*Asks:* 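The structure is given below, and queries will be raised subsequently.
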Protein chains: 2
Amino acid sequence: MYQRKIPIDYNCGLSVAMEVMGSKWKFCLLDEIAKGTQRPRDLVKAINGITKRVLQKQLGELEVHGMVGKTIYKETPVRVEYYLTASGKSLLPLIAALDKWGLDFAPRLESILATEMQAL
Amino acid sequence: MYQRKIPIDYNCGLSVAMEVMGSKWKFCLLDEIAKGTQRPRDLVKAINGITKRVLQKQLGELEVHGMVGKTIYKETPVRVEYYLTASGKSLLPLIAALDKWGLDFAPRLESILATEMQAL
DNA sequence: CGGTATCCTTTTTGATACTG
DNA sequence: CAGTATCAAAAAGGATACCG
């Protein structure tokens, strides 16, 4: 049975948003699918550092939460294509904003981390 | 020394954003500090489910990344107040958007999870 | 190829106690 | 009160093998 230590607070948007998107790969994943990468094997190649197992798990969660859907082509070997649902697409502006923020902040972060490493 | 399995890609905004904000409490934390909750003990009370230890760790990371700063008042017992830096404040619109998205999506998530539980 | 299961390692977390 | 350390428990992650 579905269990959570801390129940979701449906009156708190951040609580809901974190339930759905609170894993570090999910923004990347939706972004990549939106860009047209639809097949699992291509997603593994496209997203630096993700493994098959983790990808599979997060795609499954995104599917349960209604952010993505998939089409199965019964060829051999089988082909599967993921796509964004309407809910998933509604996150795209947010993802774009996050991406933009990250790009703006990148130089500062780089210098911060350089200093950190120097200190050690 | 500072170690990462997957180096940050400074050309990818999402990579940078996830490095800084990719823990599920950080959005909540910045939001709560922005609302005026500044002291660690109050943050623990205000944020449902967070523990002192985790709070401390994430505040430390946010501080290293330049999202928050703190003022130490040398009273007894000591009093510490966290505040948002300019960088931290620059995330507020994003947090607000995320919060709004979550509120909009809440009813749908609630019904999805209800169905999930029924199925088991 | 997509998906699942297994085994094992690494991280994260919770509870607790201690210091200034 | 804020912050750190310790230890045990839980969760997440990598590698691999197998099935349809």
Side-chain angles (χ1 to χ4, degrees), chain A residues 1-8 18-29 32-33 36-65 68-83 119-120, chain B residues 1-8 15 18-29 32-33 36-65 68-83 120:
Chain A
M1 170 166 149
Y2 190 80
Q3 268 287 50
R4 282 178 56 86
K5 263 175 295 190
I6 306 146
I8 299 169
M18 286 302 102
E19 166 70 11
V20 177
M21 296 304 293
S23 312
K24 77 172 170 185
W25 297 109
K26 286 183 178 167
F27 287 103
C28 274
L29 213 44
E32 202 56 48
I33 294 173
T37 311
Q38 300 185 291
R39 304 184 62 180
R41 63 158 184 183
D42 294 328
L43 287 168
V44 170
K45 282 182 208 160
I47 301 180
N48 185 21
I50 202 168
T51 60
K52 181 185 173 186
R53 192 172 165 288
V54 172
L55 173 75
Q56 218 67 257
K57 192 183 169 215
Q58 309 234 344
L59 278 177
E61 292 171 5
L62 287 170
E63 197 184 353
V64 167
H65 289 150
V68 302
K70 66 179 171 182
T71 310
I72 303 175
Y73 299 90
K74 300 195 170 174
E75 311 167 352
T76 41
V78 66
R79 179 162 58 100
V80 176
E81 291 183 354
Y82 284 85
Y83 55 84
L120 304 175
Chain B
M1 172 165 147
Y2 190 79
Q3 268 288 50
R4 282 178 59 85
K5 262 176 292 189
I6 307 146
I8 299 169
S15 172
M18 286 301 103
E19 165 70 11
V20 177
M21 297 302 295
S23 312
K24 77 171 170 187
W25 297 109
K26 286 182 179 168
F27 287 103
C28 273
L29 252 170
E32 201 56 46
I33 294 173
T37 310
Q38 299 185 292
R39 303 184 61 180
R41 63 156 184 186
D42 295 327
L43 287 167
V44 170
K45 283 182 208 160
I47 301 180
N48 186 19
I50 201 168
T51 59
K52 181 186 172 185
R53 193 172 164 292
V54 172
L55 173 74
Q56 217 69 257
K57 193 186 169 213
Q58 310 232 347
L59 278 177
E61 292 171 4
L62 287 171
E63 197 185 351
V64 167
H65 288 150
V68 303
K70 67 179 169 181
T71 311
I72 303 175
Y73 298 91
K74 300 198 171 172
E75 311 167 353
T76 42
V78 69
R79 179 163 58 99
V80 175
E81 290 183 357
Y82 284 83
Y83 55 85
L120 303 176

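Since the model is a prediction, treat every value here as computed from it, not as a measurement. As a basis for the values below, the full set of heavy atoms in this structure was taken, side chains included, without hydrogen atoms, waters or symmetry mates. Order of the sequence lines sets the chain letters (A, B, ...), proteins ahead of strands, with each chain counted from 1.
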*Asks:* Is it the case that atom CG in Asp42(A) sees more than 12 heavy atoms from other parts of the structure closer than 6.0 Å?
*Replies:* yes
*Asks:* Answer yes or no: side-chain N or O of Arg53(B) and base N or O of dT6(D) forming a donor-acceptor pair under 3.5 Å.
*Replies:* yes
*Asks:* Can you measure Lys24(B) atom NZ to dT13(C) atom C1' for me and round it to whole angstrom units?
*Replies:* 10 Å
*Asks:* Got a salt bridge between Lys26(B) and Glu61(B), using NZ or NE/NH1/NH2 to carboxylate O under 4.0 Å?
*Replies:* yes
*Asks:* With hydrogens left out and only the distance checked, is there a donor-acceptor pair under 3.5 Å joining Lys52(A)'s side chain and the base of dG14(D)?
*Replies:* no
*Asks:* Establish, with yes or no, whether the OP1 or OP2 oxygen of dA2(D) is under 4.0 angstrom from a side-chain nitrogen or oxygen of Arg39(B).
*Replies:* yes
*Asks:* In whole angstrom, what separates Lys74(B)'s NZ from dT19(C)'s P?
*Replies:* 20 Å
*Asks:* Starting at NZ of Lys70(A), measure out to OH of Tyr83(A) and round the result to the nearest 0.5 Å.
*Replies:* 10.5 Å
*Asks:* Of the options dG13(D), dG3(C), dC1(C), whose atoms approach the side-chain atoms of Arg41(A) most closely?
*Replies:* dC1(C)
*Asks:* OP1, OP2 of dT4(C) versus side-chain N and O of Lys57(A): anything below 4.0 Å?
*Replies:* no
*Asks:* Below 4.0 angstrom from OP1 or OP2 of dC1(D), is there any side-chain N or O of Tyr82(B)?
*Replies:* no
*Asks:* Go through dG3(C), dA2(D), dG14(D) for me and flag the one nearest to the Thr51(A) side chain.
*Replies:* dG14(D)
*Asks:* Is there a donor-acceptor contact under 3.5 Å linking the side chains of Glu81(B) and Thr71(B)?
*Replies:* no
*Asks:* Just the rounded figure in Å: distance from P of dG14(D) to CD of Gln56(A).
*Replies:* 14 Å
*Asks:* Return the value, rounded to whole Å, for the distance between atom CD of Glu81(B) and atom P of dC1(D).
*Replies:* 14 Å
*Asks:* Name the closest nucleotide to the Val78(A) side chain, picking from dT13(C), dA2(D), dC1(C).
*Replies:* dC1(C)
*Asks:* If you measure from OG1 on Thr51(B) to CH2 on Trp25(B), what distance do you get to the nearest 0.5 Å?
*Replies:* 8.5 Å
*Asks:* Starting at atom CD of Gln58(B), determine the distance to atom P of dA2(D), rounded to an integer number of angstrom.
*Replies:* 17 Å
*Asks:* In whole angstrom, give the distance that lies between atom CD1 of Ile6(B) and atom C1' of dG13(D).
*Replies:* 10 Å
*Asks:* Round to a whole Å and report the spacing from CD1 of Ile50(B) to P of dG3(D).
*Replies:* 13 Å
*Asks:* Give the rounded distance in Å between these two atoms: CG of Leu55(A) and P of dA12(D).
*Replies:* 16 Å
